[in-house]
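All of these numbers come straight from a predicted model, not from anything done at the bench.
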Amino acid sequence: MKEFYKQILENNKQWVESKLATDENFFADLAKGQNPPLLWIGCSDSRVPANEIIGAKPGEVFVHRNIANMIVHSDMNMLSVLDYAVNVLKVKHVIVCGHYGCGGVKAAMGNSSIGIIDNWIRHIKDVYRLHKDYLDSIQDETERFNTFVEINVKEQVFDLSKTSIVQGAWKNGQDLMIHGWVYGLNSGYVTDLEVNISSNTELDEVYQLKF
């Protein structure tokens, strides 16, 4: 345990030195502020690093991560990140990125109690319930799992678009687009699910807020 801890501290020193070797002002420039064009909402899974997947540098991606990349309308953590990204940083894109093999999504397909996380998994189970007939019709378990991952991302994109934060930005004429992706752990590639929303007119009327 101690050796691992010492090693990650050493890794930090080596990383700093490597950055300064190519640009002596690297950290001085970073300290001046951030202006990222993108908010990434992804899964907490350690195998899904936002910056590395898209080849982004520090300062180019604002990130929020939770179990199974969920948009829960009462989650003040997520809403605070979203509000800051949209209204202060003025990001132009928000990507909700799930990944195949997601443990949270898999857990939502079963009935085993894991612990306090059961309360979070319940939100994912609600997504399954909405699409139960279709998902249950898929006989192959792996295909059903992968399809559920994709459906979950699409539902989160729509839930994100339903927030007053996003709709308020659109009402003010802000250039903002929401996207849904899935990352392949075994390939490294992302799949654009082609659910791209840039106006609340793409939502059911009941969700279109009037300001």
Side-chain angles (χ1 to χ4, degrees), residues 1-72 75-107 114-117 120 149 152-153 156-157 160 165-166 169 174-193 196:
M1 184 182 299
K2 290 183 179 179
E3 288 303 316
F4 171 76
Y5 185 68
K6 290 179 181 178
Q7 185 59 56
I8 60 176
L9 288 173
E10 182 59 31
N11 290 348
N12 170 253
K13 292 178 181 178
Q14 294 177 8
W15 176 71
V16 170
E17 292 170 0
S18 68
K19 291 299 182 183
L20 293 177
T22 56
D23 180 2
E24 62 181 13
N25 296 314
F26 182 83
F27 294 104
D29 291 339
L30 272 184
K32 294 176 182 177
Q34 60 174 326
N35 187 33
L38 166 67
L39 167 61
W40 174 285
I41 299 179
C43 183
S44 298
D45 193 299
S46 62
R47 301 166 294 177
V48 191
N51 285 62
E52 291 186 43
I53 289 173
I54 58 175
K57 300 175 182 178
E60 293 181 340
V61 186
F62 203 58
V63 179
H64 174 76
R65 297 169 72 174
N66 61 47
I67 301 296
N69 41 271
M70 298 298 291
I71 305 298
V72 178
D75 179 3
M76 290 304 296
N77 186 353
M78 181 278 298
L79 290 173
S80 297
V81 171
L82 178 64
D83 183 63
Y84 189 78
V86 171
N87 292 320
V88 178
L89 298 177
K90 305 294 184 182
V91 299
K92 296 184 180 298
H93 299 273
V94 182
I95 293 174
V96 179
C97 186
H99 66 96
Y100 297 117
C102 180
V105 171
K106 183 68 172 178
I114 305 171
I116 194 171
I117 194 176
W120 187 260
V149 167
N152 184 55
V153 169
Q156 303 320 306
V157 167
L160 187 63
I165 296 169
V166 169
Q174 193 168 330
D175 184 13
L176 180 65
M177 183 170 284
I178 317 297
H179 315 271
W181 288 6
V182 176
Y183 175 67
L185 293 174
N186 61 352
S187 71
Y189 289 106
V190 296
T191 298
D192 184 349
L193 297 178
N196 304 291

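- With values rounded to the nearest 0.5 angstrom, S44 atom OG is found 12.5 Å from M70 atom CE.
- Taken from CG in N69 to CD in Q156, the straight-line distance is 7.0 Å, to the nearest 0.5 Å.
- Taking each heavy atom of C43 and A68 in turn, the nearest pair found is SG-N, 3.5 Å.
- Taking the side chain as every heavy atom from C-beta outward, F27 and L20 approach each other to under 4.5 Å.
- The two atoms that bring H179 and N196 nearest to each other are ND1-OD1, 2.7 Å, heavy atoms only.
- For the atom pair D75 CG and N66 CG, the distance stands at 6.5 Å (nearest 0.5 Å).
- Inter-residue side-chain proximity for L185 and V48 is flagged as met; some heavy-atom pair is nearer than 4.5 Å.
- For the pair R47 and Y183, the tightest heavy-atom approach, listed with the atom from each and the gap, is O-CE2, 3.7 Å.
- Residues N87 and D83 bring a donor and an acceptor atom of their side chains to less than 3.5 Å of each other.
- Side-chain atoms of M76 and L79, non-hydrogen and from C-beta on, do get closer than 4.5 Å to each other.
- The local environment of CD in E52 is sparse, with at most 12 non-hydrogen atoms from other residues, nucleotides or ligands closer than 6.0 Å.
- The SG atom of C97 lies 10.5 Å from the CG atom of D192; values are rounded to the nearest 0.5 Å.
- Taking every heavy atom of both residues into account, L89 and P36 meet most closely at CD1-CG, 3.9 Å.
- The number of heavy-atom neighbours closer than 6.0 Å to CD of E10, taken from other residues, nucleotides and ligands shown, is above 12.
- In this structure, V182 and Y100 have side chains that are in contact, with non-hydrogen atoms separated by less than 4.5 Å.
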Start with the C-alpha gap between L82 and L160, add the side-chain angles, then the distance that decides, and say whether side chain to side chain contact (heavy atoms under 4.5 Å, CB included) holds.
-> CA-CA 9 Å; L82 178 64; L160 187 63; 3.6 Å; yes
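- Contact check for V63 versus N51: side-chain heavy atoms found under the 4.5 Å cut-off.
- Nearest heavy-atom pair, W120 versus I67, reported as atom, atom and distance to 0.1 Å: NE1-O, 2.8 Å.
- Relative ring orientation between Y84 and F62 is described as tilted, the plane-to-plane angle lying within the 30° to 60° band.
- The NZ atom of K90 sits 10.0 Å away from atom NZ of K92, with the distance rounded to the nearest 0.5 Å.
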Kindly determine whether V91 and L38 satisfy side chain to side chain contact (heavy atoms under 4.5 Å, CB included), including the steps that lead there.
-> CA-CA 5 Å; V91 299; L38 166 67; 5.8 Å; no
